[in-house]
**Q** 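Below is the structure I would like to discuss, written out as structure tokens.
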Protein chains: 2
Amino acid sequence: MKNRFKNKFIVPDLVLQEREGGYDKGRDVYEQILRAALDLLIDQGYRAVSMRRVAAASGVKLGNLTYYFPTKEDLVRELLNAVISSYEIEFDAIVHEEDTTAIHRLEEICVLILEDIGTKKTTRFFPELWALSNHDDFVLERIQELYARARHPMVRLISEINPALSADQCETIALFMSASMEGMTIFAGFEKPFADKMPWLERLTIKSFIDLIVSMTPEDLP
Amino acid sequence: MKNRFKNKFIVPDLVLQEREGGYDKGRDVYEQILRAALDLLIDQGYRAVSMRRVAAASGVKLGNLTYYFPTKEDLVRELLNAVISSYEIEFDAIVHEEDTTAIHRLEEICVLILEDIGTKKTTRFFPELWALSNHDDFVLERIQELYARARHPMVRLISEINPALSADQCETIALFMSASMEGMTIFAGFEKPFADKMPWLERLTIKSFIDLIVSMTPEDLP
DNA sequence: TTCTATATTTGTCAAGTGTCCTATATTGGT
DNA sequence: ACCAATATAGGACACTTGACAAATATAGAA
């Protein structure tokens, strides 16, 4: 419970990979640009992310923006990478907690994910990604890589809770869990019509997941 | 099982509301335009839906397109309405089947939804809607109206399976089920990385849903 | 200070966008 | 065949978009 809030404050919205050369000011402007682009994406959607708007929102001239990001594709790719990386760091941090029972830890992970779904950033950012991933293979692969890393700790805990299950079976269950939770973005995400029902959806989710894992027999899945 | 395929062939992609006046040819062109716009949306995403592209794809001159749809907003609204209506008709058809047990009918509904998620049209169209709904209240209300009608038959069956549950509890469970299934679009939808795992996700889904409904006690939810 | 790598500005380009307007053609009932 | 309602075509407008180029300014190590 404490860890949830700890992560919330530690993990930044953007994680930028270190650049090769360049001055300090250059790196600041670089980050400023990505932050402005993210705000634009969250507040007004992908349609609003144009080179000129990003330039204006970040207080940078258009010509200077194209110096850091020669093409819009560069800008978008770096932005998605930076944002997705922040989630990956969040999930990787979960793996290194070994204090309680497997069931309790799995519950914590689900709570963490579902609480995050209620966030403005997550509610707005991911549907945009899902739409983009339908026509952009880079986005598709990058987002699936994120989900794969999110499932990783789940798979381990599922196997620990029900050791009779094979690795493939655990993977399928984790996939099912991840998909189930992501779907709630549209209904109970930030400012969505059922946002107030999220606490009960969390209880339903956890109860249903735990019941599924413990009652699952190797014959139910290949 | 037979009904699933029956619906697949009967329900058209577009359901247009009847117009007031106009010649026959006008109605044909009207439908042609919406169909071209839908194809564009599905194959290339919302960014590709411009007035000129729709005009070209439907073999209509730009000036004529603005005769039928004076503004792009008109075109998009009519398109979404026409597509969403087709899904509503599909779900309403389910309500009028009273041949087997409640559990079996609920299973059939879930199979129908999950099979539909594997469709190219659904996999491509809905993420686009979800993204749009974040910044367009019309889209948000229209899509939530669709989901409400999709939950309707579920709520009745849930209540029939477990009569101890209150109406609100049944609503929450149906919401949970709908969200869970929608989430699988991103993972196991058309040409998605886990599309081949959909059959097992269906089995997991159904088992988990039925177990949840029958094992749920009124104390688990308010 | 000097000087090179880095950063910033200003301007321009062709292409695409939504919307509007006017003239012309076609439909289908009388 | 007539003719009003409907449909189609073509062009224009103001605006945005991504990309590029050349000139200038700044940083920071030597």
Side-chain angles (χ1 to χ4, degrees), chain A residues 16-41 43-80 128 131-132 135-136 138-139, chain B residues 16-38 40-41 43-80 128 132 135-136 138-139:
Chain A
L16 11 76
Q17 53 194 24
E18 66 249 41
R19 290 196 307 158
E20 57 295 355
Y23 301 151
D24 284 358
K25 193 180 181 187
R27 194 158 40 80
D28 287 350
V29 173
Y30 185 90
E31 184 178 348
Q32 227 176 344
I33 292 173
L34 288 186
R35 195 164 299 278
L38 177 58
D39 288 345
L40 229 36
L41 181 67
D43 286 328
Q44 304 180 233
Y46 184 78
R47 311 146 63 181
V49 181
S50 75
M51 298 292 270
R52 279 172 177 81
R53 275 194 236 240
V54 172
S58 57
V60 164
K61 301 296 178 184
L62 177 61
N64 200 20
L65 176 58
T66 68
Y67 167 75
Y68 288 97
F69 303 96
T71 155
K72 185 185 178 182
E73 195 183 357
D74 293 325
L75 171 61
V76 172
R77 278 162 119 89
E78 294 300 324
L79 174 63
L80 300 193
E128 220 69 58
L132 287 177
H135 309 96
D136 186 323
F138 168 79
V139 178
Chain B
L16 13 75
Q17 52 194 23
E18 68 248 42
R19 291 196 308 158
E20 55 295 355
Y23 301 152
D24 284 358
K25 194 179 182 189
R27 193 160 41 81
D28 287 351
V29 173
Y30 186 91
E31 183 177 350
Q32 228 176 345
I33 292 172
L34 288 186
R35 194 164 299 277
L38 177 58
L40 229 36
L41 182 67
D43 286 328
Q44 304 179 235
Y46 184 78
R47 311 146 66 182
V49 181
S50 76
M51 298 293 272
R52 279 172 177 81
R53 275 194 235 238
V54 171
S58 56
V60 164
K61 300 298 179 182
L62 177 61
N64 201 19
L65 176 57
T66 67
Y67 168 76
Y68 289 97
F69 303 96
T71 155
K72 185 185 177 181
E73 196 182 357
D74 293 325
L75 171 61
V76 173
R77 278 162 119 90
E78 293 301 323
L79 174 63
L80 300 193
E128 219 70 57
L132 287 177
H135 310 95
D136 187 323
F138 168 79
V139 178

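Computed from heavy atoms alone, side chains included, the values below leave out hydrogens, waters and symmetry copies. Labels below follow one simple rule: chain letters A, B, ... track the order of the sequence lines, proteins then strands, and each chain is numbered from 1.
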**Q** Describe, as an angle rounded to 10 degrees, how the axis at the first end of the helix from dT1(C)-dA30(D) to dT30(C)-dA1(D) is tilted relative to the axis at the last end, five pairs per end.
**A**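 Rounded to the nearest 10 degrees, the bend comes out at 10°.
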
**Q** If you restrict it to nitrogen or oxygen atoms, what contacts under 3.5 Å exist between nucleotides 23-30 of chain C and the protein, and what is each distance?
**A**
unit_1, atom_1, unit_2, atom_2, d
dT27(C), O2, Y23(B), OH, 2.6

**Q** So if I define the base as every atom that isn't primed, P, OP1 or OP2, how would nucleotides 9-19 of chain C read as a B/S/- string at a heavy-atom cutoff under 4.0 Å?
**A** BB------BBB

**Q** Does anyone know the first and last nucleotide of DNA chain D in reach of chain A, 5' to 3', at under 4.0 angstrom to a heavy atom?
**A**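 So the contact region on DNA chain D extends dT17(D) to dG28(D).
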
**Q** Can you give me every donor-acceptor pair (side chain of residues 45-53 of chain B, partner residue at least two apart or in another chain, under 3.5 Å) with its distance?
**A**
unit_1, atom_1, unit_2, atom_2, d
S50(B), OG, R53(B), N, 3.2
R53(B), NE, A48(B), O, 3.4

**Q** Tell me which donor-acceptor pairs under 3.5 Å the side chains of residues 55-65 of chain B have, and how far apart each pair is, sequence neighbours excluded?
**A**
unit_1, atom_1, unit_2, atom_2, d
S58(B), OG, V54(B), O, 2.7
S58(B), OG, A55(B), O, 3.2

**Q** Hey, can you pull the donor-acceptor pairs under 3.5 Å for the side chains in residues 24-38 of chain B, sequence neighbours left out?
**A**
unit_1, atom_1, unit_2, atom_2, d
Y30(B), OH, E78(B), OE1, 3.4
E31(B), OE2, R35(B), NH2, 3.1

**Q** Strictly by side-chain hydrogen bond (donor to acceptor under 3.5 Å, both in side chains), give each pair with a member in residues 66-75 of chain A just once, sequence neighbours left out.
**A**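 Checked against side-chain hydrogen bond (donor to acceptor under 3.5 Å, both in side chains) - neighbours excluded - the pairs reaching residues 66-75 of chain A are E73(A)-R77(A).
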
